[in-house]
Amino acid sequence: MVKSDVASCDLSEKRECTTTEKTVLLQDVGPRDGLQNESVVLSPPERVQLIGALEDAGVQRIQIGSFVNPRLVPQMAETDSVWRSLRKRGSTRYSVLVLNRRGLEQALSIGLPHVEIYVSASETHSKRNSGVTVARAIEDAIGMIEFALAAGATVTAGVMCAFGCFFEGEVPVERVGEIVEELNQPLPTEIGLADTTGMARPEAIRALIDRLSPVIIGPDRLTIHLHDTRGLGLANLEAALQLGVRRFDTSVGGLGGCPFIPGAAGNIATEATVEFLHARGFSTGIDPEAVKAAKRFLELHLGRRFEPASTRNVP
C-alpha cells in the first residue's frame, strides 16, 4: 500500500495540496498521447482550443504535447507555439513529455513549469522509442531530472512498459522496482508508472505498487498511466485506488497509443473515468458532460467517432 505519512503541496508552484482520501487528480494526456497516433494532424490553434475545452471542464492537469522529432511524430510539431498561445490559468498544471536533453532544454527555455521524463523497462521498446538502451536511458534521465529540478521545474520521472512489453512479454516487478529506485535518487516531484501496451491486470498493479511502497512515500508522489487495450483500464484503476493511489493519466475520448507499438490501444477515457469515480463517491472537480463536449470537438476535427472500451464498463 502506498504510504501517506508525508504530505506534499509542491506541484505546479505549490498550487496543489495533498490528495485527500476521496479526491482523485486526473491528468488529461489527450493533447499529447491522444493525438500522436492520429493520421489527422491538428494545428496548434486547434490544440489550444482542445486544451481550453478541457480546462473549462475542470481538468487541472493537462499534458499539452511533447518535444520530440517532428519528422517522426508530426502530430507534436510546434508544441512551443501551443504553449505560447495558451491563456495560462493559475489553476492548471501544464506539462510536456521529453525524451532527451534537447527536448528538455526546449521545454525549459520557454518556461514550461512541469516536465515528464520517462524511460522504458523494455530494451526493445527503448531502442524503438528513443534509440538507446535502457541503461543509457536511465543514465540520461537522471541527469535530465537533476537539470530540470535545478532550473526550477517540477518533474514526473516514470517507467514505460512497467506492466509488460508487446515485444518482450512480461516485465519482472523487481526490474521495474530497480529502475524506479534509480530514478528516485534525484527526488523528482512524482513517480509515474505507465502501462504503455495495455497489458496490465489488477494483480500486476497490486504487485508493483506493493514492491514500490518502501520507495514512494505518499499518494502525492505516484501517478499511473493506464491504457485500455484489453478493456481492463478501469479495473486496473480500481485496484490502484484500493491501495491508495489518487493520481492517474486519462485521455479525452479514450484516444491514445504508442506509434512504436503495433496495436497499442488508447488510454482510459477521461469522461468514463470521471463517471466511474463519481459513482464510487470520489471527487475529481471535473464535469464529465463538459469533457464529452471536448470529445465531440475532437471527433469533428479528426473526422471520425470513437467509443473507447472503458465507456462500456461504467455502471
Side-chain angles (χ1 to χ4, degrees), residues 1-11 16-27 29 61 116 118 121 156-164 170-184 187-251 267-270 272-286 310 313-315:
M1 182 173 292
V2 177
K3 299 180 181 178
S4 58
D5 51 314
V6 175
S8 170
C9 290
D10 58 357
L11 287 182
E16 295 177 340
C17 291
T18 304
T19 308
T20 64
E21 183 180 352
K22 300 301 289 185
T23 299
V24 176
L25 282 171
L26 301 181
Q27 172 174 252
V29 299
R61 292 158 59 103
E116 303 192 41
Y118 275 73
T156 297
V159 183
M160 295 179 284
C161 297
F163 300 96
E170 183 176 349
V171 175
V173 167
E174 193 57 37
R175 176 57 179 148
V176 179
E178 291 169 352
I179 295 173
V180 168
E181 287 175 348
E182 291 190 71
L183 296 179
N184 195 46
L187 288 179
T189 314
E190 64 184 11
I191 294 291
L193 303 174
D195 182 24
T196 313
T197 60
M199 295 174 66
R201 305 176 308 279
E203 56 268 30
I205 297 284
R206 289 189 283 266
L208 186 51
I209 293 174
D210 183 63
R211 164 63 178 82
L212 296 177
S213 62
V215 180
I216 304 173
I217 308 298
D220 293 349
R221 290 205 68 237
L222 177 62
T223 186
I224 296 184
H225 177 104
L226 296 169
H227 282 238
D228 207 28
T229 305
R230 299 177 178 177
L232 293 175
L234 292 179
N236 291 331
L237 180 141
E238 187 160 39
L241 281 173
Q242 292 170 354
L243 293 176
V245 180
R246 295 293 183 268
R247 299 185 178 210
F248 299 92
D249 285 353
T250 61
S251 176
N267 298 262
I268 52 176
T270 302
T273 304
V274 170
E275 291 177 340
F276 180 90
L277 291 167
H278 289 182
R280 286 155 178 76
F282 290 95
S283 172
T284 65
I286 299 171
S310 292
N313 297 331
V314 177

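Residue numbers run from 1 in the order of the sequence given.
- Between the CG atom in Leu25 and the CZ atom in Arg246 there is a gap of 11.0 Å [rounded to 0.5 Å].
- The shortest heavy-atom contact between Tyr118 and Ala194 is CE2-CB, 3.9 Å.
- For the residue pair Ala121 and Ile179, the shortest heavy atom distance occurs at CA-CD1, 3.8 Å.
- Interatomic distance, CG of Leu241 versus CD of Glu21, reported as 11.0 Å (0.5 Å rounding).
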Next item on the list: Carefully, step by step, assess Arg211 and Glu181 under the rule salt bridge (Lys or Arg N to Asp or Glu O under 4.0 Å).
Entry: CA-CA 11 Å; Arg211 164 63 178 82; Glu181 287 175 348; 3.0 Å; yes
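- Contact record, Lys22 with Gly281: CE-O, 3.2 Å, taken as the closest heavy-atom pair.
- More than 12 heavy atoms of other shown residues, nucleotides or ligands fall within 6.0 angstrom of atom CD in Glu203.
- Atoms CG and CD1, on Leu193 and Ile209 in that order, are 7.0 Å from each other to the nearest 0.5 Å.
- Contact annotation: the side chain of Glu116 never approaches that of His225 to less than 4.5 Å [non-hydrogen atoms, C-beta and beyond].
- The minimum heavy-atom distance linking Ala157 with Leu183 is given by the pair CB-CB, 4.3 Å.
- Using a 4.5 Å heavy-atom cutoff, the side chains of Val176 and Val171 are in contact.
- Contact annotation: the side chain of Asp195 never approaches that of Ile205 to less than 4.5 Å [non-hydrogen atoms, C-beta and beyond].
- A distance-only check finds no donor-acceptor pair linking the side chain of Asp249 to the backbone of Val29 [under 3.5 Å].
- Pairing each heavy atom of Val215 with each of Arg221, the nearest pair is O-NH1, 4.2 Å.
- From Leu232, atom CG reaches atom CZ of Phe163 across 12.5 Å, with rounding to the nearest 0.5 Å.
- Considering only heavy atoms from C-beta on, Leu234 comes within 4.5 Å of Thr273 through its side chain.
- Closest of all the heavy-atom pairs between Val173 and Ala207 is CG1-O, 4.0 Å.
- Once rounded to the nearest 0.5 Å, the distance linking CG of Leu26 with CG of Leu277 reads 6.0 Å.
- Interatomic distance, Thr250 OG1 to Asn267 CG, rounded to the nearest 0.5 Å: 7.5 Å.
- Here the side chain of Thr229 pairs a donor or acceptor atom with the backbone of Thr197 at under 3.5 angstrom.
- In this structure, the side chain of Ser251 does not engage the main chain of Ala269 through any donor-acceptor pair within 3.5 Å.
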